[in-house]
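The next block holds one structure in the form of structure tokens; read it before the comments.
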Amino acid sequence: MTSVIISTCIAVFMGVFFMIMRMKAATKPVSPKKIILPPFFMSTGALMFVFPYFRISGQEILEAAIAGIVFSFLLIKTTKFEIKDQDIYLINSKAFIFILFGLLAIRIIAKFILSSSIDVGPLGGMFWMLAFCMIVPWRIAMYINYKKLAKNLSTVH
């Protein structure tokens, strides 16, 4: 139980850190690199599966991936861009922050419920898979929307 509490505290810290970074990002122009790199950086977390302690079954992979993809739709719907001073910026959305807090709350509740039937290692693997399957579709949608705006921006000038 101690490891569940510690990992939950780490998840809360990371969630708050991500929200702060997201709010700061809205003050600077967006670039393709800023959109694409986070999933690549996060992908290094897959190295946890090298260790048997973190491995998950095919069914657990599928469950986590489906949940991640479903959650990604919320992020996609609340991520919008705008053109300011010939640059593309993220629009700060109050709904986005509430959704992130909601997803964090769901994650914490699910972790406490599932920790009684799934060991901490595989549970960590499942939550990494969920997060990765949430961020990849979201970032792909962001990139597509960014490219559409960038194309419109370049045709104006």
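Keep in mind that what you see is a predicted model, and the values were worked out from it rather than measured. Quick note: residue numbers are just sequence positions, from 1.
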| What pairs of residues pass the ring pair (Phe, Tyr, Trp, His ring centres under 6.0 Å) test when at least one of them lies in residues 28-49, not counting sequence neighbours? |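 Non-adjacent pairs meeting ring pair (Phe, Tyr, Trp, His ring centres under 6.0 Å): Phe49-Trp128.
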List the residues meeting side-chain hydrogen bond (donor to acceptor under 3.5 Å, both in side chains) with [X], not counting sequence neighbours, and say none if there are none.
X: Ser43; result: none
X: Glu60; result: Ser57
X: Thr79; result: Trp138

| task | Could you label the plane-to-plane angle of the Phe51 and Phe54 rings as parallel, tilted or perpendicular, counting under 30° as parallel and over 60° as perpendicular? | result |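 Because their plane-to-plane angle is over 60°, the rings of Phe51 and Phe54 count as perpendicular.
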For [X] and [Y], which heavy atoms make the closest approach, and how far apart are they?
X: Met134; Y: Leu75; answer: CG-CD1, 3.7 Å
X: Lys34; Y: Arg139; answer: O-NH1, 3.1 Å
X: Pro38; Y: Lys33; answer: CD-O, 4.4 Å

| message | For residues 67-82, which residue pairs pass the salt bridge (Lys or Arg N to Asp or Glu O under 4.0 Å) check, not counting sequence neighbours? | response |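 Every pair satisfying salt bridge (Lys or Arg N to Asp or Glu O under 4.0 Å) with a residue in residues 67-82: Glu82-Lys84.
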Establish whether [X] and [Y] are linked, either directly or via other cluster members, by ILVMFWY side-chain heavy-atom contacts under 4.5 Å.
X: Ile106; Y: Phe101; result: yes
X: Leu37; Y: Met142; result: no
X: Ile118; Y: Phe112; result: yes

| task | Take Ile91 and Phe81, measure what side chain to side chain contact (heavy atoms under 4.5 Å, CB included) needs, and give me the verdict at the end. | result | CA-CA 5 Å; Ile91 298 174; Phe81 295 106; 5.8 Å; no
| task | For atom CG of Asp119, decide whether the heavy atoms of other residues, nucleotides or ligands shown that lie under 6.0 angstrom number more than 12. | result |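 No, CG of Asp119 has 12 or fewer neighbouring heavy atoms, counting only those of other groups under 6.0 Å.
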| query | Is Ile66 isolated, or which residues cluster with it under the ILVMFWY side-chain rule of less than 4.5 Å, directly or via members? | reply |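 Its cluster mates, by chain and number, are Leu62, Val70.
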